[in-house]
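As structure tokens, the structure follows; a few thoughts come after it.
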Amino acid sequence: QTVDAVLSGTVVYESIPCPSCLKNGIKPPWCFNRKECQAYFDQQDSQRVGVMTCPKCMKLGLPAPRVLDILCPEVFLSYQWGSICDYHPDGSPIFSTQKLVKDVR
């Protein structure tokens, strides 16, 4: 492939380095399988706590990274604010679209 073809293409990473390893300077960092991380949200299990086990972090006594810290969240853009569903302590309204997206994050 040419340089132009590589730079203009879309890249999907199949492995994602552990954010905790990167933050703590662990080299090489443990890598999570992207598809396994995404599949985490497909499963209905009340025993899960929202984290993935990193063997390197576990060995050093570091906390397990959150799935949402491993996967880059998608950008959510909506021109529809929804309806007012609540209010901030300062009295400003919270719209249903904002609440939905923040709850997911």
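For reference, positions follow the sequence shown, starting with 1.
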If I compare all heavy atoms of [X] with all of [Y], which pair ends up nearest, and what's the gap?
X	Y	answer
M58	T53	SD-CG2, 3.8 Å
P93	H88	O-CD2, 3.7 Å
K56	C21	CB-SG, 4.1 Å
L62	N24	CD1-ND2, 3.6 Å
P17	C31	CA-SG, 3.9 Å

[X] versus [Y]: any side-chain heavy-atom pair under 4.5 Å?
X	Y	result
W30	P55	yes
I26	L60	yes
C18	M52	no

Does D69 use its side chain to pair, donor to acceptor, with the backbone of P65 at less than 3.5 Å?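 No; zero donor-acceptor contacts below 3.5 Å.
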Answer yes or no: is there a donor N or O on one side and an acceptor on the other, between the side chain of N33 and the main chain of K35, under 3.5 Å?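 Flag set: sc N33 to bb K35 pair under 3.5 Å.
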When rounded to the nearest 0.5 angstrom, what distance separates CZ in R66 from CG in L71?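 Atom-to-atom, R66:CZ and L71:CG are 11.0 Å apart.
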Can you check side chain to side chain contact (heavy atoms under 4.5 Å, CB included) on S20 and C54, steps first, answer last? CA-CA 9 Å; S20 183; C54 169; over 6 Å; no
Go through the side-chain N and O atoms of S92 and D90 and say whether any donor and acceptor fall under 3.5 Å apart.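 Judged by distance alone, the side chains do pair up.
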